[in-house]
Amino acid sequence: MFLEKQFLQMPGPTPVPPQVLRAMSQPMINHRGPEFKELLEEVTTGVQKIYKTENAVLIFPAAGTGGLEAAVVNFISPGEKVLVASIGVFGNRFAEIASKFGAQVEKMEFEWGTAVDPAQLADRLASDQAGEIKAVIVTHNETSTGVINNLPAIRQAMGNHPALLIVDAVSSLGAVDMRTDEWGLDVVVSGAQKAFMLPPGLAFVSVSPKAWAVAEKCTNCKYYWDLTAAKKYLEKGQTPYTPAISLLTGLRESLKMMQAEGLDQAFIRHARLRDMTRAAMRTLGLRLMAADDIASSSLTSVYAPEGIEANKLRKVVREKYNVILSGGQQKLDNKIFRVGHLGWVQPLDIVATVAAIEMGLLDCGCSIELGSGVRAAQQVLRS
Ligand SMILES: *Cc1c(COP(=O)(O)O)cnc(C)c1O
């Protein structure tokens with residue numbers, strides 16, 4: 001049943017290219033020595049280029065959620081008010097972390113499948129004359145629904161409000177354009193296992209000068225996540241604690257691949273994978289969760305047809321065709337499936353994925369025309 005090549009079409013972890021796997025199988029080096037210094041400087045500069053920032057970027061051994069926690073404990077003090085604009089599971093997670101660490105969280109929720117309305121955000125911030133809100137927290141790409149937020153519009157909606165803008169860009173950075181400095185993003189969190197084509201285990205956090213000033217006065221509890229300490233070490237080419245050396249050598253390789261493709265080309269590729277997936281699903285008569293203008297380039301959320309359990313379809317597609325799709329999270333469980341198309345994914349992976357979904361739909365008793373979705377995807381690819 002288990003074929004050697006699995007199509008891992010999930011929004012993380014994503015497939016890891018062989019050259020990255022090879023780069024990770026190197027002997028250990030001294031993390032306080034000159035080779036490591038060179039490695040850390042090279043990957044930090046490389047990641048800054050993807051962020052389009054001059055800000056410091058700290059790299060930690062952690063899941064992406066660790067990066068979210070770092071973004072809370074370094075910049076938000078207990079009792080401070082923060083505004084979390086949430087459009088799904090990951091927005092809610094950020095709110096929960098802030099709340100656990102003592103922030104007064106005000107959640108502005110938008111229906112799942114929609115994006116943050118910048119006008120509503122602008123109204124709320126305009127009414128905060130006293131500047132009580134210390135930070136605005138948003139998810140760039142909401143992985144639970146497949147919706148991308150308009151960060152420049154969100155930044156603009158903040159106007160002159162002094163709050164920090166803190167962004168979860170774990171599933172967007174590298175797949176879509178991110179202009180940290182131009183857009184005025186204070187803290188941006190990302191991670192290894194999505195567009196960076198690495199195994200899980202690295203979190204990235206960029207910090208603006210304005211955010212460093214806040215960090216100096218922040219009274220929240222932290223030890224491992226002390227970004228000020230990490231910055232001091234970075235300046236001498238080290239990390240405060242033992243780094244994930246193998247993942248960093250992998251990162252050096254994946255950054256080389258990203259540079260060789262070119263960022264703009266990568267954005268075009270991801271958008272095309274999105275368009276292929278959406279055209280195919282629509283042709284098969286399936287309903288998409290996100291509207292065209294807010295559709296994610298990283299993943300597509302699709303409703304299972306009426307009367308068909310999404311998880312049953314996923315199981316058939318996995319067992320018979322070796323294609324791995326993600327399920328819906330929380331209230332979307334068994335209602336949607338999510339097709340990941342970020343990182344090391346090429347157009348024909350999507351053609352194969354669509355072919356498997358078509359066969360899975362037939363296997364589940366759904367009447368669709370075999371090959372119609374594949375053809376729609378091919379037409380997008382050739383256009
Ligand atoms: C994947 C992801 C994370 C991090 O998830 P971990 O499991 O902690 O690595 C955070 N935010 C978003 C939007 C994500 O897609």
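Note that ligands are numbered from 1 as they come in the structure, with each ligand's atoms numbered from 1 the same way. All values below were derived from every heavy atom in this structure, side-chain atoms included, with hydrogens, water molecules and symmetry-related copies excluded. All values derive from a computational prediction rather than experimental measurement.
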Compile the protein residues with any heavy atom at a distance under 4.0 Å from an atom of ligand 1; present them by chain, then by number.
-> Ala63, Gly64, Thr65, Phe90, Arg93, Thr139, Asn141, Thr143, Asp168, Val170, Ser171, Gln193, Lys194
Under a single-linkage rule joining Ile, Leu, Val, Met, Phe, Trp and Tyr whose side-chain heavy atoms are separated by less than 4.5 Å, which residues share a cluster with Val176?
-> Ile148
Any sub-3.5 Å donor-acceptor pair from Arg269's side-chain atoms to Leu342's backbone N or O?
-> no
If you group Ile, Leu, Val, Met, Phe, Trp and Tyr whenever their side-chain heavy atoms sit less than 4.5 Å apart, what else falls in with Met10?
-> Leu8, Ile324
State which residue, out of Asp168, Thr65, Thr139, fulfils the side-chain hydrogen bond (donor to acceptor under 3.5 Å, both in side chains) condition with Arg93.
-> Thr65
Enumerate the residue pairs fulfilling salt bridge (charged side-chain N to carboxylate O under 4.0 Å, His left out) with a member in residues 346-363, sequence neighbours excluded, ordered by first and then second residue.
-> Lys320-Asp363
Phe7-Tyr321 aromatic ring centre distance below 6.0 Å = no
